[in-house]
Amino acid sequence: MSLNQTLTMFLSESKLDVQLSGQNVAVLIVAALCLPVVYNVVFHPLARIPGPFLAKISDLWHAYHVSTGTRHILLYDLHTKYGECDAYTPFRMKAKLSQGPLVRIGPNTVSVDSNEGLQKIFSATSPIDKSPFYQSFAPGFKSSFAAVGDAFREKKSILSHAFAQKKLDAMEVTFMEHTKKLCESMIAGKEVDLDDSLSTLTIDILSDVCFGETFDLLNDPAEKKKVGGGLVEAARYVSLEGTLWRWPILQKIIRVLSNKYTTRDYPAQRAIGAMIKQRQKASGREDIFNYLLSATKPGSGSDTTSTALLTTLWHLLRHKDTYDNLAKEVRSAFSSIDEITYQQAQYLPYLRAVIEESLRILPPNSGFIPRQVLKSNRPFILHDITLPAGTEVGIANMALHRNPLYFEEPDKFIPERWIGGSNTKRDRPAFSPFSKGPRSCLGRK
Ligand code: HEM
């Protein structure tokens, strides 16, 4: 029973004859402010789940930490503080409590750090779907990213064509063309900011294959600043708005102000311009948008891909042995850049291990992937706690990937753990950089 229902019943059944003096009004105001707090902390169905006090009483706590951009580290620390694993590692707080892998990060929001949670939350048979968080990606539009239930199944049948292996193979030449341009500028000895260059590369490639016209940011520094800056701002404000989906007025204020004072909408406008131009040219060239029309969100995958590339290169530059082993494997398989194909590269075991280890140690979606428990006659139970319908529940990906229950020496970059026969423990089912189940990444191939 909700707090509102309980109060209404209490007031209608009580026969109290209350004199409304100034003092009584003050008491009523204090009670009105305290009751939701007491309810959320003591009587709420999620009250047994540990978490920071402020998180239990308001979504604003969670929203604040999303706005700082460091929520993934906070969740990692919280899961160590409240979780099962008590190993001390650099990010982790020293507290050693043993209260289980659930942490309450909002009055109705639960973060999970366990393999059991991962399998249940993303299972196609659980009474769970995407949370309303996703509607902030394209408010007012029927985006495939936010669609749930039958609406999503309909869109997925369109999306699957766009991501079919044959279509992706045909795009390889575009990937190579852009990648070679970046490599050439590196070989020419130019100093390169890897973070900046890799996000430029992925935006140039994805705009080319998704919309039929590359943004060509590599050769246009002014445009690079606008598109790159716009994507960073879009990511920040979309996440903040999404987290506040139970606060529609605040959400709207953030949307209006950020649209007015930042360039968050610029990349989407640029993408729409490119798509219209390409279709007017009617060149007959197949791009992903041919299949999707209004079915997907512009820019999908560029930030995750560039983060994955950056993490991989950063670790290679820090671990000379790993770099040397990888260089040896690649050079023995190919004698020149032009020989490299995805078809062959995907079978290089050490290359695969290096990429998997990068995706484990810092998954690009490292924060919280939210889902919502649906009304159903089957209760949704996680670690012996029933999560009622409407609860938002998600996996804290970085915490899970660095959980010593599943990965030995979790804060160390050890690609060898992914190679058969390795003694370093890794629990593949707990590895989830692309998420799991029917809403996992479509671009993972
Ligand atoms: C290393 C690179 C990538 C990583 C780690 C990654 C990771 C993910 C994750 C974790 C999700 C689930 C997100 C959620 O439920 O909130 C997702 C969804 C998605 N990804 Fe990726 N992604 C990558 C690259 C790409 C690329 C290159 C594309 C497309 C060109 C792409 C297209 C998509 C789409 C369309 C979805 C939404 C699926 C749905 O709504 O059911 N991703 N990705």
Side-chain angles (χ1 to χ4, degrees), residues 66 72 118 121-124 128-138 141-165 167-168 171-172 174-175 178-179 198-199 201-211 235 238-239 242-243 271 287-289 291-292 294-313 342 352 354-372 392-398 400-401 431-445:
V66 168
H72 57 300
L118 178 70
I121 292 171
F122 297 114
S123 156
I128 279 218
D129 215 325
K130 279 197 158 178
S131 116
F133 165 87
Y134 292 90
Q135 277 155 20
S136 64
F137 282 81
F141 291 93
K142 291 180 181 165
S143 139
S144 68
F145 202 50
V148 292
D150 288 343
F152 173 71
R153 280 184 275 282
E154 201 178 294
K155 284 182 191 292
K156 183 150 187 186
S157 64
I158 309 170
L159 280 164
S160 311
H161 291 294
F163 289 93
Q165 188 61 51
K167 300 278 178 283
L168 297 181
M171 290 170 190
E172 189 169 344
T174 313
F175 294 176
H178 289 282
T179 312
L198 293 171
S199 60
L201 173 70
T202 52
I203 295 169
D204 280 351
I205 292 178
L206 286 175
S207 52
D208 208 344
V209 298
C210 289
F211 314 127
V238 162
S239 305
T243 306
D287 56 53
I288 287 184
F289 196 71
Y291 295 92
L292 313 185
S294 58
T296 194
K297 65 175 182 137
S300 180
S302 75
D303 49 349
T304 43
T305 308
S306 64
T307 306
L309 283 170
L310 183 64
T311 312
T312 308
L313 292 182
Y342 169 71
R352 212 180 168 92
V354 166
I355 294 172
E356 289 192 320
E357 184 65 349
S358 301
L359 291 170
R360 181 196 67 79
I361 206 157
L362 187 66
N365 292 51
S366 51
F368 180 69
I369 301 185
R371 297 292 182 260
Q372 196 180 32
E392 198 172 36
V393 58
I395 290 293
N397 239 356
M398 192 170 95
L400 182 67
H401 281 188
F431 178 60
S432 148
F434 298 99
S435 187
K436 303 244 172 192
R439 302 308 298 262
S440 61
C441 180
L442 280 166
R444 67 180 298 174
K445 283 182 208 145

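Every value quoted in this text rests on a predicted model; they were computed, and no experiment measured them. Side chains are part of it too, since the values below use all heavy atoms of this structure and drop only hydrogens, waters and symmetry mates. Order of appearance sets the numbers: ligands from 1, and atoms from 1 within every ligand.
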(Q) Does the residue Ser440 have a heavy-atom contact with ligand 1, meaning some pair of atoms that are separated by less than 4.0 Å? (A) yes
Q: Show which atoms of ligand 1 fall inside a sub-4.0 Å distance from at least one heavy-atom site of Pro364.
A: 5 (C)
Q: Return yes when Arg444 approaches ligand 1 closer than 4.0 angstrom through a heavy atom, no otherwise.
A: no
Q) Is ligand 1 under 4.0 Å from a heavy atom in the side chain of Pro363, in the backbone, in both, or in neither? A) neither
Q. Which residue from Ala147, Cys441, Ser144, Ser306 reaches closest to atom 20 (N) of ligand 1 through any of its heavy atoms?
A. Cys441
Q) Is Ser136 reaching over with its side chain to a backbone N or O of Val238, donor-acceptor style, under 3.5 angstrom? A) yes
Q: Sequence neighbours left out, what passes side chain to side chain contact (heavy atoms under 4.5 Å, CB included) with Thr243? Give chain and number order.
A: His62, Ala63, Val66, Phe133
Q: Quick one: closest heavy-atom pair of Ile205 and His178, and the distance?
A: CG1-CB, 3.5 Å
Q | Asn365 backbone acceptor or donor facing Asn397 side chain under 3.5 Å | A | yes
Q.
Applying side chain to side chain donor-acceptor pair (under 3.5 Å) to Ser358 and Thr312, what does each step give before you reach the verdict?
A. CA-CA 5 Å; Ser358 301; Thr312 308; 3.1 Å; yes
Q | Proximal atoms of ligand 1 relative to Pro433 (non-hydrogen, under 4.0 Å) | A | 5 (C), 7 (C), 10 (C)
Q: Using a 4.0 Å heavy-atom cut-off, say whether Arg371 meets ligand 1 through its side chain, its backbone, both or neither.
A: side chain
Q: Mark up the atoms of ligand 1 that fall under 4.0 Å of a heavy atom belonging to Thr305, in ascending order.
A: 2 (C), 24 (C), 27 (C)
Q) Has the side chain of Glu172 got a donor or acceptor atom that lies under 3.5 Å from a matching backbone atom of Tyr342? A) yes
Q.
I'd like to check which ligand 1 atoms, numbered from 1 as shown, lie under 4.0 Å from a non-hydrogen atom of Ala308.
A. 1 (C)
Q: Have a look at ligand 1 and work out which part of Leu206, if any, has a heavy atom under 4.0 Å from it: side chain, backbone, both or neither.
A: side chain
Q) So which heavy atom on Leu442 is nearest to which on Lys156, and how close? A) CD2-CE, 4.1 Å
Q. Which of the atoms of ligand 1 are close to Ile369, meaning less than 4.0 Å from one of its heavy atoms?
A. 10 (C), 14 (C), 15 (O), 16 (O)
(Q) We want to know whether Tyr134 and Arg371 form a side-chain donor-acceptor pair, criterion being a heavy-atom distance below 3.5 angstrom. (A) yes
Q) Do any nitrogen or oxygen atoms of Lys130 lie less than 3.5 angstrom from nitrogen or oxygen atoms of ligand 1? A) yes
Q: Please indicate whether any nitrogen or oxygen in Ser435 is less than 3.5 Å from any nitrogen or oxygen in ligand 1.
A: no
Q.
Taking atom CD as the centre, does Glu154 end up with more than 12 heavy-atom neighbours from other residues, nucleotides or ligands that are less than 6.0 angstrom away?
A. no
Q. Relative to the heavy atoms of Phe152, which atoms of ligand 1 are at a distance of less than 4.0 Å?
A. 41 (O)
